[in-house]
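A short write-up of the structure that comes next.
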Number of protein chains: 2
Amino acid sequence: MSEVTNPKRGRPGYDQAAILEIAVLAFNEHGYDATSMSKLASRLSLSKAAIYHHFSSKEELLELALDHALGGLENVITQPGATTGPAIDRVAHVLRGAVLVLAERLPYVTLLLRVRGNTEVECNALERRRVFDRFVATLVLAARDEGSLRADLDAGVVTRLLFGMVNSIAEWYRPNGAADAARLANDVLTVALDGLRFRD
Amino acid sequence: MSEVTNPKRGRPGYDQAAILEIAVLAFNEHGYDATSMSKLASRLSLSKAAIYHHFSSKEELLELALDHALGGLENVITQPGATTGPAIDRVAHVLRGAVLVLAERLPYVTLLLRVRGNTEVECNALERRRVFDRFVATLVLAARDEGSLRADLDAGVVTRLLFGMVNSIAEWYRPNGAADAARLANDVLTVALDGLRFRD
DNA sequence: GTCTATAATTAGATAGAC
DNA sequence: GTCTATCTAATTATAGAC
(Lines give C-alpha, C1' and ligand atoms only; values in the text may rest on other atoms or scores of the structure.)
Protein backbone atom coordinates (compact mmCIF):
# COMPACT_ATOMS: atom_id res chain seq x y z
CA MET A 1 0.00 0.00 0.00
CA SER A 2 2.37 2.75 1.16
CA GLU A 3 5.85 3.31 -0.17
CA VAL A 4 7.20 2.74 3.27
CA THR A 5 6.00 -0.84 3.58
CA ASN A 6 6.38 -1.46 -0.17
CA PRO A 7 9.13 0.86 -1.33
CA LYS A 8 9.76 1.45 -5.00
CA ARG A 9 13.45 0.65 -5.16
CA GLY A 10 14.69 2.71 -2.27
CA ARG A 11 12.65 5.89 -2.71
CA PRO A 12 12.46 6.99 0.89
CA GLY A 13 9.45 9.31 1.07
CA TYR A 14 5.85 8.91 2.05
CA ASP A 15 3.02 9.23 -0.43
CA GLN A 16 -0.27 10.92 0.42
CA ALA A 17 -2.12 7.76 1.48
CA ALA A 18 0.69 6.60 3.77
CA ILE A 19 0.78 9.94 5.59
CA LEU A 20 -3.01 10.00 5.81
CA GLU A 21 -3.12 6.54 7.36
CA ILE A 22 -0.75 7.50 10.16
CA ALA A 23 -2.39 10.90 10.63
CA VAL A 24 -5.81 9.29 11.12
CA LEU A 25 -4.41 6.95 13.76
CA ALA A 26 -2.92 9.95 15.58
CA PHE A 27 -6.18 11.91 15.32
CA ASN A 28 -8.06 9.01 16.86
CA GLU A 29 -5.57 8.57 19.67
CA HIS A 30 -5.38 12.17 20.84
CA GLY A 31 -8.29 13.86 19.06
CA TYR A 32 -8.05 15.95 15.88
CA ASP A 33 -7.59 19.28 17.64
CA ALA A 34 -5.13 17.94 20.19
CA THR A 35 -2.93 16.51 17.42
CA SER A 36 -0.68 19.33 16.27
CA MET A 37 1.18 19.23 12.98
CA SER A 38 4.40 19.12 15.02
CA LYS A 39 3.35 15.98 16.87
CA LEU A 40 2.22 14.48 13.60
CA ALA A 41 5.57 15.30 12.01
CA SER A 42 7.40 13.63 14.92
CA ARG A 43 5.28 10.54 14.52
CA LEU A 44 6.14 10.40 10.82
CA SER A 45 9.78 11.26 11.52
CA LEU A 46 9.31 14.14 9.10
CA SER A 47 9.38 17.90 9.35
CA LYS A 48 6.13 19.83 9.35
CA ALA A 49 7.04 21.36 6.01
CA ALA A 50 7.23 17.90 4.43
CA ILE A 51 3.61 17.24 5.38
CA TYR A 52 2.59 20.51 3.75
CA HIS A 53 4.17 19.25 0.56
CA HIS A 54 1.51 16.49 0.43
CA PHE A 55 -1.45 18.33 1.95
CA SER A 56 -2.35 21.99 1.74
CA SER A 57 -3.61 22.16 5.32
CA LYS A 58 -4.34 20.16 8.43
CA GLU A 59 -8.00 20.27 7.48
CA GLU A 60 -7.31 18.64 4.12
CA LEU A 61 -6.03 15.61 6.01
CA LEU A 62 -9.34 15.50 7.83
CA GLU A 63 -11.35 16.02 4.66
CA LEU A 64 -9.72 13.15 2.77
CA ALA A 65 -10.03 10.84 5.76
CA LEU A 66 -13.73 11.58 6.21
CA ASP A 67 -14.34 11.10 2.50
CA HIS A 68 -12.84 7.63 2.67
CA ALA A 69 -15.16 6.67 5.51
CA LEU A 70 -18.25 8.18 3.91
CA GLY A 71 -17.50 6.55 0.55
CA GLY A 72 -17.60 3.14 2.19
CA LEU A 73 -20.92 3.78 3.89
CA GLU A 74 -22.52 5.33 0.82
CA ASN A 75 -21.49 2.30 -1.17
CA VAL A 76 -23.52 0.10 1.17
CA ILE A 77 -26.82 1.90 0.55
CA THR A 78 -26.43 1.88 -3.24
CA GLN A 79 -25.92 -1.87 -3.48
CA PRO A 80 -28.90 -3.92 -4.80
CA GLY A 81 -29.32 -5.56 -1.38
CA ALA A 82 -30.20 -2.15 0.08
CA THR A 83 -32.72 -1.19 -2.60
CA THR A 84 -34.56 -4.38 -3.59
CA GLY A 85 -36.38 -7.16 -1.73
CA PRO A 86 -38.34 -7.22 1.55
CA ALA A 87 -37.65 -4.23 3.81
CA ILE A 88 -36.53 -6.44 6.70
CA ASP A 89 -33.83 -7.94 4.47
CA ARG A 90 -32.75 -4.48 3.34
CA VAL A 91 -32.45 -3.37 6.96
CA ALA A 92 -30.33 -6.42 7.69
CA HIS A 93 -28.19 -5.77 4.60
CA VAL A 94 -27.46 -2.19 5.60
CA LEU A 95 -26.72 -3.02 9.25
CA ARG A 96 -24.41 -5.82 8.21
CA GLY A 97 -22.78 -3.61 5.58
CA ALA A 98 -22.23 -0.79 8.06
CA VAL A 99 -20.52 -3.15 10.51
CA LEU A 100 -18.28 -4.53 7.76
CA VAL A 101 -17.28 -1.07 6.48
CA LEU A 102 -16.64 0.03 10.05
CA ALA A 103 -14.37 -2.96 10.58
CA GLU A 104 -12.56 -2.60 7.24
CA ARG A 105 -12.01 1.16 7.41
CA LEU A 106 -11.98 1.31 11.21
CA PRO A 107 -9.74 4.34 11.84
CA TYR A 108 -11.45 6.41 9.15
CA VAL A 109 -14.97 5.62 10.36
CA THR A 110 -13.87 6.18 13.97
CA LEU A 111 -12.71 9.67 13.01
CA LEU A 112 -15.98 10.32 11.17
CA LEU A 113 -18.05 9.35 14.19
CA ARG A 114 -16.27 11.94 16.34
CA VAL A 115 -16.85 14.89 14.01
CA ARG A 116 -18.94 17.66 15.62
CA GLY A 117 -19.44 20.22 12.82
CA ASN A 118 -16.92 22.87 13.88
CA THR A 119 -15.84 23.74 10.34
CA GLU A 120 -17.26 23.60 6.83
CA VAL A 121 -15.42 20.35 6.16
CA GLU A 122 -16.98 18.81 9.25
CA CYS A 123 -20.44 20.14 8.41
CA ASN A 124 -20.26 18.64 4.93
CA ALA A 125 -19.30 15.29 6.39
CA LEU A 126 -22.15 15.45 8.91
CA GLU A 127 -24.61 16.18 6.12
CA ARG A 128 -23.45 13.12 4.16
CA ARG A 129 -23.84 11.08 7.34
CA ARG A 130 -27.38 12.37 7.75
CA VAL A 131 -28.29 11.24 4.24
CA PHE A 132 -27.15 7.75 5.22
CA ASP A 133 -29.09 7.94 8.50
CA ARG A 134 -32.27 9.06 6.75
CA PHE A 135 -31.99 6.18 4.29
CA VAL A 136 -31.88 3.69 7.14
CA ALA A 137 -34.72 5.43 9.00
CA THR A 138 -36.87 5.01 5.90
CA LEU A 139 -35.98 1.30 5.68
CA VAL A 140 -36.93 0.78 9.34
CA LEU A 141 -40.30 2.41 8.73
CA ALA A 142 -40.89 0.21 5.68
CA ALA A 143 -39.98 -2.94 7.64
CA ARG A 144 -42.46 -1.89 10.29
CA ASP A 145 -45.19 -1.28 7.71
CA GLU A 146 -44.68 -4.70 6.17
CA GLY A 147 -45.12 -6.23 9.64
CA SER A 148 -41.55 -7.45 10.11
CA LEU A 149 -40.59 -5.10 12.95
CA ARG A 150 -42.57 -4.35 16.11
CA ALA A 151 -44.75 -1.24 15.95
CA ASP A 152 -45.03 -0.43 19.68
CA LEU A 153 -41.83 1.65 19.75
CA ASP A 154 -41.07 4.99 18.13
CA ALA A 155 -39.35 4.29 14.81
CA GLY A 156 -36.99 7.23 15.19
CA VAL A 157 -35.82 6.04 18.59
CA VAL A 158 -35.39 2.51 17.24
CA THR A 159 -33.28 3.71 14.32
CA ARG A 160 -31.05 5.78 16.60
CA LEU A 161 -30.58 2.89 19.02
CA LEU A 162 -29.61 0.63 16.11
CA PHE A 163 -27.04 3.14 14.90
CA GLY A 164 -25.81 3.62 18.43
CA MET A 165 -25.14 -0.07 18.79
CA VAL A 166 -23.37 -0.31 15.42
CA ASN A 167 -21.34 2.89 15.74
CA SER A 168 -20.21 2.10 19.26
CA ILE A 169 -18.28 -0.83 17.83
CA ALA A 170 -15.63 1.66 16.73
CA GLU A 171 -14.84 2.30 20.41
CA TRP A 172 -13.57 -1.18 21.16
CA TYR A 173 -13.31 -3.39 18.04
CA ARG A 174 -9.80 -4.34 16.95
CA PRO A 175 -9.67 -6.09 13.56
CA ASN A 176 -8.82 -9.75 13.42
CA GLY A 177 -9.70 -10.85 9.92
CA ALA A 178 -12.81 -10.67 7.76
CA ALA A 179 -14.44 -13.70 9.40
CA ASP A 180 -14.26 -11.91 12.73
CA ALA A 181 -16.12 -8.88 11.38
CA ALA A 182 -18.74 -11.09 9.73
CA ARG A 183 -19.43 -12.84 13.03
CA LEU A 184 -19.71 -9.49 14.80
CA ALA A 185 -22.22 -8.33 12.18
CA ASN A 186 -24.26 -11.47 12.85
CA ASP A 187 -24.15 -10.84 16.59
CA VAL A 188 -25.39 -7.28 16.10
CA LEU A 189 -28.30 -8.52 13.99
CA THR A 190 -29.14 -11.21 16.55
CA VAL A 191 -29.23 -8.74 19.45
CA ALA A 192 -31.11 -6.11 17.44
CA LEU A 193 -33.77 -8.41 16.02
CA ASP A 194 -34.18 -11.15 18.63
CA GLY A 195 -32.90 -9.58 21.84
CA LEU A 196 -30.80 -11.00 24.65
CA ARG A 197 -33.45 -12.81 26.67
CA PHE A 198 -33.06 -16.57 26.78
CA ARG A 199 -35.80 -18.46 24.92
CA ASP A 200 -36.13 -22.23 24.99
CA MET B 1 -29.28 27.21 41.12
CA SER B 2 -26.80 29.73 39.75
CA GLU B 3 -26.57 33.30 40.92
CA VAL B 4 -27.38 34.40 37.40
CA THR B 5 -30.80 32.81 37.24
CA ASN B 6 -31.37 33.29 40.98
CA PRO B 7 -29.32 36.34 41.95
CA LYS B 8 -28.73 37.22 45.57
CA ARG B 9 -29.96 40.83 45.62
CA GLY B 10 -28.17 42.15 42.56
CA ARG B 11 -24.77 40.49 42.95
CA PRO B 12 -23.80 40.23 39.31
CA GLY B 13 -21.18 37.48 39.14
CA TYR B 14 -21.18 33.82 38.28
CA ASP B 15 -20.48 31.15 40.85
CA GLN B 16 -18.41 28.03 40.07
CA ALA B 17 -21.35 25.81 39.15
CA ALA B 18 -22.87 28.37 36.80
CA ILE B 19 -19.61 28.78 34.90
CA LEU B 20 -19.10 25.02 34.78
CA GLU B 21 -22.57 24.45 33.33
CA ILE B 22 -21.93 26.83 30.43
CA ALA B 23 -18.39 25.57 29.93
CA VAL B 24 -19.58 21.98 29.58
CA LEU B 25 -22.13 23.02 26.95
CA ALA B 26 -19.35 24.77 25.02
CA PHE B 27 -17.02 21.76 25.34
CA ASN B 28 -19.72 19.51 23.92
CA GLU B 29 -20.51 21.85 21.04
CA HIS B 30 -16.98 22.40 19.80
CA GLY B 31 -14.93 19.77 21.60
CA TYR B 32 -12.83 20.35 24.72
CA ASP B 33 -9.60 21.11 22.88
CA ALA B 34 -11.27 23.32 20.30
CA THR B 35 -12.87 25.44 23.04
CA SER B 36 -10.28 28.04 24.04
CA MET B 37 -10.53 29.97 27.26
CA SER B 38 -11.04 33.10 25.12
CA LYS B 39 -14.08 31.63 23.38
CA LEU B 40 -15.40 30.44 26.71
CA ALA B 41 -14.94 33.93 28.18
CA SER B 42 -16.87 35.43 25.25
CA ARG B 43 -19.68 33.00 25.80
CA LEU B 44 -19.84 33.96 29.47
CA SER B 45 -19.44 37.66 28.64
CA LEU B 46 -16.48 37.60 30.99
CA SER B 47 -12.76 38.11 30.66
CA LYS B 48 -10.45 35.11 30.74
CA ALA B 49 -9.01 36.31 34.04
CA ALA B 50 -12.45 36.14 35.66
CA ILE B 51 -12.68 32.45 34.83
CA TYR B 52 -9.30 31.87 36.45
CA HIS B 53 -10.69 33.39 39.62
CA HIS B 54 -13.11 30.42 39.87
CA PHE B 55 -10.94 27.66 38.40
CA SER B 56 -7.21 27.20 38.55
CA SER B 57 -6.94 25.84 35.02
CA LYS B 58 -8.91 24.76 31.97
CA GLU B 59 -8.33 21.18 33.02
CA GLU B 60 -9.98 21.78 36.40
CA LEU B 61 -13.17 22.65 34.55
CA LEU B 62 -12.94 19.29 32.82
CA GLU B 63 -12.12 17.45 36.03
CA LEU B 64 -15.12 18.81 37.96
CA ALA B 65 -17.45 18.12 35.03
CA LEU B 66 -16.28 14.53 34.66
CA ASP B 67 -16.61 13.98 38.40
CA HIS B 68 -20.24 15.07 38.28
CA ALA B 69 -20.98 12.56 35.53
CA LEU B 70 -19.09 9.72 37.18
CA GLY B 71 -20.72 10.36 40.55
CA GLY B 72 -24.14 9.83 39.01
CA LEU B 73 -23.13 6.56 37.37
CA GLU B 74 -21.35 5.23 40.46
CA ASN B 75 -24.43 5.97 42.49
CA VAL B 76 -26.43 3.61 40.26
CA ILE B 77 -24.24 0.57 40.93
CA THR B 78 -24.21 1.07 44.70
CA GLN B 79 -27.99 1.14 45.03
CA PRO B 80 -29.65 -2.02 46.47
CA GLY B 81 -31.32 -2.71 43.10
CA ALA B 82 -27.87 -3.24 41.60
CA THR B 83 -26.55 -5.55 44.29
CA THR B 84 -29.49 -7.72 45.40
CA GLY B 85 -32.07 -9.90 43.65
CA PRO B 86 -31.98 -11.97 40.44
CA ALA B 87 -29.14 -11.00 38.09
CA ILE B 88 -31.53 -10.21 35.23
CA ASP B 89 -33.27 -7.65 37.44
CA ARG B 90 -29.96 -6.14 38.46
CA VAL B 91 -28.95 -5.82 34.79
CA ALA B 92 -32.26 -4.08 34.09
CA HIS B 93 -31.80 -1.80 37.10
CA VAL B 94 -28.34 -0.69 35.99
CA LEU B 95 -29.33 -0.15 32.35
CA ARG B 96 -32.37 1.85 33.40
CA GLY B 97 -30.30 3.81 35.93
CA ALA B 98 -27.61 4.60 33.36
CA VAL B 99 -30.21 5.97 30.95
CA LEU B 100 -31.79 8.12 33.67
CA VAL B 101 -28.44 9.54 34.83
CA LEU B 102 -27.49 10.20 31.22
CA ALA B 103 -30.74 12.09 30.71
CA GLU B 104 -30.52 14.02 33.97
CA ARG B 105 -26.85 15.01 33.68
CA LEU B 106 -26.80 14.93 29.88
CA PRO B 107 -24.06 17.49 29.11
CA TYR B 108 -21.75 16.11 31.79
CA VAL B 109 -22.15 12.50 30.70
CA THR B 110 -21.80 13.53 27.06
CA LEU B 111 -18.46 15.11 27.89
CA LEU B 112 -17.39 12.00 29.81
CA LEU B 113 -18.19 9.74 26.87
CA ARG B 114 -15.87 11.72 24.61
CA VAL B 115 -12.81 11.56 26.86
CA ARG B 116 -9.87 9.73 25.24
CA GLY B 117 -7.20 9.62 27.95
CA ASN B 118 -4.88 12.39 26.78
CA THR B 119 -4.05 13.67 30.26
CA GLU B 120 -3.96 12.36 33.82
CA VAL B 121 -7.39 13.84 34.53
CA GLU B 122 -8.81 12.03 31.52
CA CYS B 123 -7.06 8.77 32.41
CA ASN B 124 -8.48 8.88 35.94
CA ALA B 125 -11.97 9.41 34.55
CA LEU B 126 -11.53 6.52 32.09
CA GLU B 127 -10.46 4.26 34.93
CA ARG B 128 -13.58 5.10 36.94
CA ARG B 129 -15.64 4.39 33.82
CA ARG B 130 -13.95 1.02 33.47
CA VAL B 131 -14.90 0.09 37.03
CA PHE B 132 -18.51 0.79 36.12
CA ASP B 133 -18.18 -1.21 32.88
CA ARG B 134 -16.64 -4.19 34.67
CA PHE B 135 -19.47 -4.18 37.20
CA VAL B 136 -22.03 -4.42 34.41
CA ALA B 137 -20.02 -7.10 32.58
CA THR B 138 -20.11 -9.20 35.75
CA LEU B 139 -23.87 -8.75 36.03
CA VAL B 140 -24.37 -9.85 32.41
CA LEU B 141 -22.34 -12.99 33.06
CA ALA B 142 -24.40 -13.75 36.19
CA ALA B 143 -27.67 -13.26 34.30
CA ARG B 144 -26.40 -15.67 31.69
CA ASP B 145 -25.42 -18.24 34.30
CA GLU B 146 -28.84 -18.10 35.92
CA GLY B 147 -30.40 -18.81 32.50
CA SER B 148 -32.02 -15.41 31.97
CA LEU B 149 -29.87 -14.26 29.04
CA ARG B 150 -28.96 -16.22 25.92
CA ALA B 151 -25.62 -18.04 26.03
CA ASP B 152 -24.86 -18.31 22.30
CA LEU B 153 -23.18 -14.88 22.11
CA ASP B 154 -19.90 -13.71 23.61
CA ALA B 155 -20.73 -11.99 26.92
CA GLY B 156 -18.09 -9.31 26.40
CA VAL B 157 -19.48 -8.40 22.99
CA VAL B 158 -23.01 -8.34 24.42
CA THR B 159 -22.00 -6.02 27.25
CA ARG B 160 -20.26 -3.64 24.86
CA LEU B 161 -23.25 -3.56 22.52
CA LEU B 162 -25.53 -2.78 25.46
CA PHE B 163 -23.31 0.09 26.54
CA GLY B 164 -23.05 1.27 22.97
CA MET B 165 -26.81 1.50 22.70
CA VAL B 166 -27.18 3.32 26.03
CA ASN B 167 -24.26 5.70 25.58
CA SER B 168 -25.26 6.64 22.04
CA ILE B 169 -28.36 8.25 23.51
CA ALA B 170 -26.15 11.20 24.46
CA GLU B 171 -25.70 11.95 20.76
CA TRP B 172 -29.33 12.78 20.07
CA TYR B 173 -31.47 12.89 23.24
CA ARG B 174 -32.82 16.29 24.27
CA PRO B 175 -34.49 16.31 27.70
CA ASN B 176 -38.21 16.74 27.91
CA GLY B 177 -39.11 15.84 31.47
CA ALA B 178 -38.51 12.85 33.69
CA ALA B 179 -41.37 10.82 32.19
CA ASP B 180 -39.70 11.11 28.79
CA ALA B 181 -36.45 9.65 30.12
CA ALA B 182 -38.29 6.83 31.89
CA ARG B 183 -40.03 5.86 28.65
CA LEU B 184 -36.71 5.92 26.81
CA ALA B 185 -35.20 3.64 29.46
CA ASN B 186 -38.09 1.22 28.92
CA ASP B 187 -37.57 1.29 25.15
CA VAL B 188 -33.88 0.49 25.59
CA LEU B 189 -34.72 -2.49 27.79
CA THR B 190 -37.35 -3.69 25.33
CA VAL B 191 -34.96 -3.59 22.38
CA ALA B 192 -32.08 -5.09 24.35
CA LEU B 193 -34.02 -7.96 25.91
CA ASP B 194 -36.75 -8.76 23.37
CA GLY B 195 -35.43 -7.36 20.10
CA LEU B 196 -37.13 -5.54 17.27
CA ARG B 197 -38.67 -8.44 15.36
CA PHE B 198 -42.45 -8.49 15.36
CA ARG B 199 -43.96 -11.39 17.34
CA ASP B 200 -47.64 -12.17 17.35
C1' DG C 1 10.54 15.02 -1.26
C1' DT C 2 12.57 16.88 2.61
C1' DC C 3 14.95 20.26 5.23
C1' DT C 4 15.86 24.68 8.49
C1' DA C 5 14.22 28.94 9.74
C1' DT C 6 10.67 31.90 10.58
C1' DA C 7 6.31 34.56 10.17
C1' DA C 8 1.80 35.43 12.14
C1' DT C 9 -1.50 34.11 15.30
C1' DT C 10 -3.45 32.07 19.21
C1' DA C 11 -3.15 29.27 23.27
C1' DG C 12 -3.26 28.92 28.58
C1' DA C 13 -2.18 31.48 32.40
C1' DT C 14 -0.72 35.58 35.60
C1' DA C 15 -0.13 40.53 37.69
C1' DG C 16 -2.12 44.02 39.70
C1' DA C 17 -5.88 47.65 39.63
C1' DC C 18 -10.70 48.50 41.05
C1' DG D 1 -15.75 39.13 41.24
C1' DT D 2 -14.15 41.27 37.28
C1' DC D 3 -11.15 44.02 34.55
C1' DT D 4 -6.96 45.38 31.21
C1' DA D 5 -2.55 44.32 29.98
C1' DT D 6 0.84 41.09 29.39
C1' DC D 7 3.87 36.86 29.53
C1' DT D 8 5.50 32.58 27.48
C1' DA D 9 4.86 28.73 24.78
C1' DA D 10 2.65 26.48 21.12
C1' DT D 11 -0.04 26.71 16.96
C1' DT D 12 -0.74 26.60 11.63
C1' DA D 13 1.49 27.73 7.77
C1' DT D 14 5.17 29.62 4.46
C1' DA D 15 9.92 30.80 2.25
C1' DG D 16 13.61 29.20 0.18
C1' DA D 17 17.74 25.97 0.17
C1' DC D 18 19.20 21.25 -1.17
Side-chain angles (χ1 to χ4, degrees), chain A residues 1-24 26-27 29-65 111 118-122, chain B residues 1-24 26-27 29-66 111 115 118-122:
Chain A
M1 186 83 87
S2 79
E3 296 182 3
V4 166
T5 55
N6 182 19
K8 292 180 181 176
R9 261 164 296 282
R11 200 144 116 270
Y14 288 96
D15 63 4
Q16 219 193 37
I19 291 180
L20 187 58
E21 179 83 26
I22 293 177
V24 169
F27 291 161
E29 262 178 54
H30 311 110
Y32 173 74
D33 290 297
T35 307
S36 69
M37 295 297 269
S38 300
K39 287 181 193 162
L40 192 49
S42 299
R43 192 144 161 167
L44 289 157
S45 302
L46 280 181
S47 66
K48 283 191 290 181
I51 302 177
Y52 282 100
H53 173 78
H54 295 277
F55 300 88
S56 69
S57 68
K58 186 184 178 184
E59 199 166 26
E60 196 188 11
L61 282 161
L62 181 62
E63 188 171 19
L64 293 180
L111 189 61
N118 274 335
T119 62
E120 202 185 319
V121 164
E122 294 193 10
Chain B
M1 186 82 87
S2 80
E3 295 181 4
V4 166
T5 55
N6 182 21
K8 292 179 181 176
R9 261 165 295 282
R11 202 145 115 267
Y14 288 96
D15 64 3
Q16 217 193 40
I19 291 181
L20 187 59
E21 179 82 26
I22 293 177
V24 170
F27 291 162
E29 262 180 55
H30 311 110
Y32 173 74
D33 289 297
T35 306
S36 68
M37 293 298 269
S38 301
K39 287 181 193 164
L40 191 49
S42 299
R43 192 144 162 167
L44 290 158
S45 301
L46 280 180
S47 66
K48 282 192 293 180
I51 302 177
Y52 282 100
H53 174 77
H54 295 277
F55 300 88
S56 69
S57 68
K58 186 184 177 185
E59 199 165 27
E60 196 188 9
L61 282 161
L62 181 64
E63 189 170 19
L64 292 180
L66 296 178
L111 189 61
V115 156
N118 274 335
T119 63
E120 201 184 322
V121 164
E122 294 193 8

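Computed from a predicted model, the values in this text were never measured in an experiment. Excluded from the calculations below are hydrogen atoms, water molecules and symmetry mates; all remaining heavy atoms, backbone and side chain alike, are included.
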Measure the distance from [atom1] on [X] to [atom2] on [N] and round it to the nearest whole Å.
X     : N      : atom1 : atom2 : answer
A:L46 : C:dC3  : CG    : C1'   : 10 Å
A:L62 : D:dT12 : CG    : P     : 13 Å
B:K39 : C:dA13 : NZ    : P     : 16 Å
B:Y32 : C:dG12 : OH    : C1'   : 10 Å
B:L40 : C:dG12 : CG    : P     : 9 Å
A:I51 : D:dT12 : CD1   : P     : 10 Å
A:L44 : C:dC3  : CG    : C1'   : 15 Å

Problem - Main-chain N/O of B:L44 paired to B:Y14 side chain as donor or acceptor, under 3.5 Å - result: yes

Exercise for the section: Report yes if the side chains of A:L61 and A:M37 come closer than 4.5 Å at any heavy-atom pair, otherwise no. Expected result: yes

Exercise for the section: Determine, stepwise, if the pair A:E59 / A:Y32 fulfils side chain to side chain contact (heavy atoms under 4.5 Å, CB included). Expected result: CA-CA 9 Å; A:E59 199 166 26; A:Y32 173 74; 3.9 Å; yes

Practice task
Using heavy atoms and a sub-4.0 Å distance, could you list which residues of residues 52-61 of chain A are near DNA chain C? By number, please.
Solution key: A:H53, A:H54

Completion exercise
With the side chain defined as heavy atoms from C-beta on, B:S38 is closest, among C:dT4, C:dA11, D:dT11, to C:dA11

Exercise for the section: Determine: side-chain N/O of A:S47 to OP1/OP2 of C:dT4, distance under 4.0 Å, yes or no. Expected result: no

Practice task
Give, for atom NE2 of A:H54 and atom CG of A:L64, the distance between the pair rounded to the nearest 0.5 Å.
Solution key: 13.0 Å

Fill in the blank from the handout: Interatomic distance, CD@A:E122 vs NE2@B:H30, rounded to 0.5 Å, equals 10.5 Å

Practice task
Return the 5'-most residue of the pair B:K48, A:M37 with respect to DNA chain D, ranking by each residue's nearest nucleotide.
Solution key: B:K48

Exercise for the section: Determine, for B:R43 against B:E29, whether the closest basic-nitrogen to carboxylate-oxygen distance falls under 4.0 angstrom. Expected result: yes

